[in-house]
There are 2 protein chains.
Amino acid sequence: MEDTADRQAQEHGPEGGHGREGGRGREGGHGRAQGQEPGLELVHLLRGITVELDLLGAEFAARHGLHPTDLRALIHLLDADRAGADATPGLLGEQLGLNSASVTALVDRLERQGHVRRVRDTRDRRRVLLSVEDRAVALGWSFFGPLIRRVVAAAGSYDEAELDAVRRFLAETAGAVAAERRRAAEPDPAEGGSASG
Amino acid sequence: MEDTADRQAQEHGPEGGHGREGGRGREGGHGRAQGQEPGLELVHLLRGITVELDLLGAEFAARHGLHPTDLRALIHLLDADRAGADATPGLLGEQLGLNSASVTALVDRLERQGHVRRVRDTRDRRRVLLSVEDRAVALGWSFFGPLIRRVVAAAGSYDEAELDAVRRFLAETAGAVAAERRRAAEPDPAEGGSASG
DNA sequence: CCAATCATCTCGTTCATCGAGACAATAGCC
DNA sequence: GGCTATTGTCTCGATGAACGAGATGATTGG
């Protein structure tokens, strides 16, 4: 299960073919047992994490009577709260990729369960600020807390250089995903021009 | 129904106050305090990746006319295919946390779109094997491919020690998530033991 | 062969999400 | 000050994904 991509990588992946084909049949080496791009294994690991995490989230959500989307929303809300950023339905919908109607329903659910409260912004009265309740914070902690503790504990045994390597890798991966997302968002350069009429 | 909420919300508005307000906008140049547990930042990075990845998956799925669940299913199916494991509706449902009815609908969708085919198992004729079509493989690659290439490229600039650190961290994190998932699955130790009965 | 079990599928219901549009408040213009 | 365009949120009706319960067909064991 941990290797969807590696076989494909050699077929479709390296565009054109590297020519490293030669001794591929023999993996008998040492060190990198996989014999392929070293990053591939990391990708697999990462993918496994996201799959498991997703599942854990779904289970946690179901256990607490909320939908996967609700949990995702809570996470974003908690995050915004922590950063001191304004959370509004519009922003939330954007972050979750949801319709405005869906966001209204989502916030309704969250509000009904006492996780957030709608607060009309005094500055721009069009806006509604989403204020997270303690209940939501507690819920968020009960989800992330144990996980965080485990990971932090694991990270404790790394020295500075190793930590830095992990940090950089994670940051670069985040950047890669974000870049891909942007790429997917606008595959439509034809639009930007002289559509004038 | 719930529309009256916003009117009231502004009256409840500032009730406790979180204590942070006013010019929180200027946090200084750094962003956030790095002085915490070193692992915490890694957790945040990781979380950011999963969020973005999830969003990317949803967008990709929408673009190809399938639902987020369909993409997840395809990923699992591709994995199983690669590992040479039998893929069946039952197994798939288990991996995705879905009802058997939902799985039937899911496989119907996938089959209708030509991604998989139902094949009656000759050994145990109760079972239906899910055979992935090339179309699905290509789709999977078009989703993971670019991402993988980016990450692999990034990983290329790391030396063995760094790679090892990242690998270990990822593996430990995966283990942590899996452990948490197991913990969540049976939070019920009191039952098997000296329950009063 | 009959009963128990297992894997899958069918039926009817619930509700999350969507598209389109209504409504309220703000910002810019004169 | 009033007017219009824009922005942010919410409402309505429709679609369909997921669920719970149960039916159908195949396997195992006596």
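So you know, we letter chains A, B, ... as the sequences are listed, proteins then strands, and number each from 1. All heavy atoms count here, side chains included; hydrogens, waters and symmetry mates do not.
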Checklist entry - B/L130 pairs by side chain to side chain contact (heavy atoms under 4.5 Å, CB included) with which of B/V107, B/V119, B/L110, B/T88? => result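 Only one of B/V107, B/V119, B/L110, B/T88 forms a side chain to side chain contact (heavy atoms under 4.5 Å, CB included) with B/L130, namely B/V107.
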What nucleotide, of [options], holds the atom closest to the side chain of [X]?
X      : options                : value
B/R126 : C/dT8, C/dC6, C/dT26   : C/dC6
B/A101 : C/dT10, C/dG21, C/dT8  : C/dT10
B/T69  : D/dA18, C/dA16, C/dG19 : D/dA18
A/R125 : C/dA27, C/dC9, C/dA25  : C/dA25
B/N99  : C/dT17, D/dG20, D/dC10 : D/dG20

In whole angstrom, give the distance that lies between atom [atom1] of [X] and atom [atom2] of [N].
X      : N      : atom1 : atom2 : answer
A/D124 : D/dT9  : CG    : P     : 10 Å
A/L71  : C/dA16 : CG    : P     : 15 Å
A/D108 : C/dC15 : CG    : P     : 14 Å
B/L110 : D/dA17 : CG    : P     : 11 Å
A/R123 : C/dA27 : CZ    : C1'   : 17 Å
B/D70  : D/dA18 : CG    : C1'   : 12 Å
B/R127 : C/dC6  : CZ    : C1'   : 11 Å
B/L130 : C/dA7  : CG    : C1'   : 12 Å

Checklist entry - Hey, is B/E162 close enough to A/R168 for a salt bridge, meaning N to O under 4.0 Å? => result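 Yes, B/E162 and A/R168 are salt-bridged.
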Checklist entry - Parallel under 30°, tilted from 30 to 60°, perpendicular over 60°: which one fits the rings of B/F60 and B/F143? => result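 Because their plane-to-plane angle lies in the 30° to 60° range, the rings of B/F60 and B/F143 count as tilted.
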Item to check | Phosphate contact (D/dC10 OP1 or OP2) by A/R118 side-chain N/O below 4.0 Å | outcome: yes
Checklist entry - What distance separates B/R126 CZ from B/R120 CZ, expressed to the nearest 0.5 Å? => result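 The distance works out to 11.0 Å.
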Checklist entry - Any N or O donor-acceptor pair linking the side chain of B/S102 to the base of D/dC19 at under 3.5 Å? => result no
Which part of the nucleic acid, if any, lies within reach of [X] when heavy atoms closer than 4.0 Å are counted: base, sugar-phosphate only, or nothing?
X      : result
B/A105 : nothing
A/G97  : sugar-phosphate
A/L98  : sugar-phosphate

Checklist entry - More 5' along DNA chain C: A/R109 or B/T88, using each one's nearest nucleotide? => result B/T88
Next on the checklist: Looking at B/R117, I'd like to know if its CZ atom is crowded, meaning that more than 12 non-hydrogen atoms belonging to other residues, nucleotides or ligands lie closer than 6.0 Å.
Outcome noted: no
